[in-house]
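Only a predicted model underlies this, so the values are computations on that prediction, with no experimental measurement involved. Order of appearance sets the numbers: ligands from 1, and atoms from 1 within every ligand.
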Amino acid sequence: MINHEIKVAFDEYTSLKELHKTDQDLCAEAVKAMRNSHSPYSKFRVGAALKLQSGKIIHGSNQENVAYPSGLCAERVALFHWGANHPDDPVESMAVTAHTDEFKLVKPVTSCGSCLQVMAEYEKKQGKPLRVLLYCIDGPVWIINGIENLLPFLFFEERLA
Ligand code: THU
């Protein structure tokens, strides 16, 4: 038997104020993106903002549906928009934030497995690491450089060969 250990790494900032201005601005864009969240069922609003190499910002927010599985997370709404409209303009960074009136969020919301797999796909496609900023409003910010730090056992398309 061989026991393997995998380390993942991320940087924690205690508040938004500690970040570079460009990262602060991107987190503010994720907050703006949350405005268009359609979340009448969970009442959990999620916003995602992508910063592209050209400087363009793309917003995504969670879009729920009365037929529950038909809804989609904020991250994938933003990333699929990118894939469909700006595939040649690499994503430098992505900020994600959330808010609910139901309880207080004290740490950043971490993206679901399906969103991580989609991030991994596009990171590979663009051939450049994707930085992810997980932002808790009035709380800490976690910055992750590269999706393998979020999903070490991601599914590789080479396996389809
Ligand atoms: N949600 C996201 O938008 N991103 C995630 O990574 C996890 C969850 C949304 C889906 C649903 O609209 C609500 O949060 C509650 O699960």
Side-chain angles (χ1 to χ4, degrees), residues 6 8-16 19 23-52 56-87 90-126 128-157:
I6 296 178
V8 296
F10 68 96
D11 297 322
E12 177 168 50
Y13 296 83
T14 51
S15 90
L16 196 63
L19 303 187
D23 285 340
Q24 288 186 18
D25 290 348
L26 190 59
C27 289
E29 291 290 340
V31 173
K32 275 193 217 165
M34 233 174 16
R35 286 186 203 147
N36 290 338
S37 163
H38 175 65
S39 40
Y41 308 106
S42 71
K43 299 187 172 38
F44 193 82
R45 307 173 75 80
V46 186
L50 310 183
K51 182 164 182 279
L52 311 190
K56 186 171 175 57
I57 303 288
I58 288 174
H59 286 174
S61 49
N62 55 331
Q63 301 296 319
E64 297 182 351
N65 193 282
V66 64
Y68 285 10
S70 301
L72 199 62
C73 295
E75 295 91 322
R76 276 177 289 162
V77 168
L79 287 163
F80 289 149
H81 177 89
W82 173 80
N85 296 286
H86 306 280
V91 184
E92 282 181 349
S93 301
M94 168 172 195
V96 181
T97 195
H99 175 80
T100 178
D101 290 330
E102 310 291 303
F103 60 94
K104 185 165 167 49
L105 293 169
V106 292
K107 62 182 176 61
V109 165
T110 43
S111 303
C112 79
S114 297
C115 288
L116 296 181
Q117 184 67 40
V118 170
M119 289 177 201
E121 179 80 18
Y122 286 148
E123 181 178 66
K124 258 172 188 289
K125 181 176 162 146
Q126 71 177 16
K128 285 184 183 176
L130 177 55
R131 283 176 83 232
V132 181
L133 289 73
L134 301 175
Y135 168 42
C136 176
I137 297 168
D138 299 327
V141 186
W142 296 345
I143 300 189
I144 299 97
N145 271 299
I147 306 307
E148 65 183 22
N149 282 303
L150 285 164
L151 189 63
F153 283 102
L154 62 94
F155 178 75
F156 283 102
E157 78 278 7

message = Tell me the closest heavy-atom pair linking Arg76 and Cys112, and the distance in Å.
response =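 For Arg76 and Cys112, the tightest heavy-atom pair comes out as NH2-SG, 4.0 Å.
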request  = Compute the centroid of each ring, for His59 and then for His81, and state whether the two points are separated by less than 6.0 Å.
outcome  =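 Not under 6.0 Å, so no.
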query = Who are the ring pair (Phe, Tyr, Trp, His ring centres under 6.0 Å) partners of Tyr122, not counting sequence neighbours?
reply =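 In terms of ring pair (Phe, Tyr, Trp, His ring centres under 6.0 Å), with neighbours along the sequence ignored, Tyr122 is linked to Trp82.
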query = Can you pull the salt bridge (charged side-chain N to carboxylate O under 4.0 Å, His left out) pairs that have at least one residue in residues 42-51, sequence neighbours excluded?
reply =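 Matches after skipping sequence neighbours: Lys51-Glu92.
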query = Under the side chain to side chain contact (heavy atoms under 4.5 Å, CB included) test, which residues partner Phe153, sequence neighbours left out?
reply =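 Ile6.
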key: Neighbouring protein residues of ligand 1 - any heavy atom closer than 4.0 Å   =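 Residue list for ligand 1: Ser42, Phe44, Val46, Asn62, Glu64, Cys73, Ala74, Glu75, Ser111, Cys112.
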message = Is there a side-chain hydrogen bond (donor to acceptor under 3.5 Å, both in side chains) between Glu12 and Thr14? Walk through the geometry before answering.
response = CA-CA 6 Å; Glu12 177 168 50; Thr14 51; over 6 Å; no
